[in-house]
Amino acid sequence: AASSNKDRVGALLFGDITGLRYFRPSHAKTSLWQMLQSMTTINHTATSPRTELPKAIQKLIHSTPTGALILIIADFNYNFENLQHALGKLRQKHEIILLPIDDNADQTIPAMGKIMFTQSNGQQCEIDTDSETGRQKYKQTWTENRQQINSICKKLGIDIIEISTHDDVHSTLIKSLRKRVFHHGK
């Protein structure tokens, strides 16, 4: 759609494998193909340090032309204080849509014994998944995190479109963006 509208498309890839990789907004289809290829090609030998979302947002604040529509696709398991501050600064100059990617395993964990997790603040946490209480705590933490990100979005005027790994991503995204256009008149 962006190509047919002659819109410029750019990307900032971040995470464990990519580190931080910026693609300047461009009209060229070759740039779009390079971005898509980078998103689908995993370099298992990469040694880039993990780039957290707030740091990636800081890069966007300093490198993206004002007035851009920015789609942020992530799992949003981050320190929300830093995230809210970074999103607030980005929102001052841009329109933002958050697209949290959810999997059923993110919300509900099966009974598998004791498992160590790393929390969004970096601390280790052991959960006994054989315990109903442990599984409920895990689900409660996920729900609280989602409520917190929804609250941040509402406060900052940021739209959120939840994407499930079990849904057809394309149709969910198109349907939600059409609904957004209808409600916002944009």
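The shown structure was predicted, so the numbers you read here are calculated from the model rather than taken from an experiment.
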Suppose we screen for side chain to side chain donor-acceptor pair (under 3.5 Å). Which residues come up paired with Gln148, at least two apart in sequence or across chains?
none
Distance (rounded to the nearest 0.5 Å) between Ser63 OG and Leu12 CG
6.5 Å
Is Leu156 reachable from Ile61 through a run of I, L, V, M, F, W or Y residues, each pair having side-chain heavy atoms under 4.5 Å apart?
yes
State which residue, out of Ile160, Asn145, Ile161, fulfils the side-chain contact (heavy atoms from CB on, under 4.5 Å) condition with Pro100.
Ile160
NZ on Lys137 to CD1 on Ile109, rounded to 0.5 Å:
14.0 Å
Between CG on residue Leu60 and CD on residue Gln58, distance to nearest 0.5 Å:
9.5 Å
When the side chains of residues 125-135 are checked against the rest of the protein, which donor-acceptor pairs come out under 3.5 Å, sequence neighbours left out?
{"unit_1": "Asp128", "atom_1": "OD1", "unit_2": "Asp130", "atom_2": "N", "d": "3.1"}
{"unit_1": "Thr129", "atom_1": "OG1", "unit_2": "Met112", "atom_2": "N", "d": "2.6"}
{"unit_1": "Thr129", "atom_1": "OG1", "unit_2": "Gly113", "atom_2": "N", "d": "2.8"}
{"unit_1": "Thr129", "atom_1": "OG1", "unit_2": "Gly113", "atom_2": "O", "d": "2.5"}
{"unit_1": "Asp130", "atom_1": "OD1", "unit_2": "Gly113", "atom_2": "N", "d": "3.1"}
{"unit_1": "Ser131", "atom_1": "OG", "unit_2": "Thr133", "atom_2": "N", "d": "3.2"}
{"unit_1": "Ser131", "atom_1": "OG", "unit_2": "Gly134", "atom_2": "N", "d": "3.1"}
{"unit_1": "Glu132", "atom_1": "OE1", "unit_2": "Arg135", "atom_2": "NH2", "d": "2.5"}
{"unit_1": "Glu132", "atom_1": "OE2", "unit_2": "Gln136", "atom_2": "NE2", "d": "2.9"}
{"unit_1": "Arg135", "atom_1": "NH1", "unit_2": "Thr129", "atom_2": "O", "d": "2.6"}
{"unit_1": "Arg135", "atom_1": "NH1", "unit_2": "Asp130", "atom_2": "O", "d": "3.4"}

Could you tell me if the side chain of Leu83 sits less than 4.5 Å from the side chain of Ile149, heavy atoms only?
yes
Could you grab the distance from atom NE2 of His94 to atom CD1 of Ile57, nearest 0.5 Å is fine?
11.0 Å
Note: Pro65 and Pro25 closest approach over all heavy atoms is CD-CG, 4.1 Å
Is there a side-chain contact between Leu177 and Ile97, using heavy atoms and a 4.5 Å cut-off?
yes
Do Leu98 and Cys153 make a side-chain contact, defined as non-hydrogen atoms from C-beta onward lying under 4.5 Å apart?
yes
Distance in Å, Thr108 OG1 paired with Lys139 NZ, rounded so as to fall on 0.5 Å steps
4.0 Å
If a pair satisfies side chain to side chain donor-acceptor pair (under 3.5 Å) and one of its residues is in residues 160-170, list it, with sequence neighbours excluded.
Asp103-Thr165, Asn104-His166, Arg146-Glu162, Asp168-Ser171
Kindly compute the distance separating CG (Asp159) from CG (Leu99), expressed to the nearest 0.5 Å.
10.0 Å
Polar side-chain atom of Arg91 near backbone of Ile158 as donor-acceptor pair, under 3.5 Å
no
For the residue pair Ile72 and Leu87, establish whether any side-chain heavy-atom pair is separated by less than 4.5 Å.
yes
Indicate if Leu90 and Ile73 have the same hydrophobic cluster label, given that clusters are the connected sets of ILVMFWY residues with side-chain heavy-atom separations under 4.5 angstrom.
no
Treating Ile, Leu, Val, Met, Phe, Trp and Tyr as nodes and any side-chain heavy-atom pair under 4.5 angstrom as an edge, say whether Ile96 and Tyr22 lie in one connected cluster.
yes
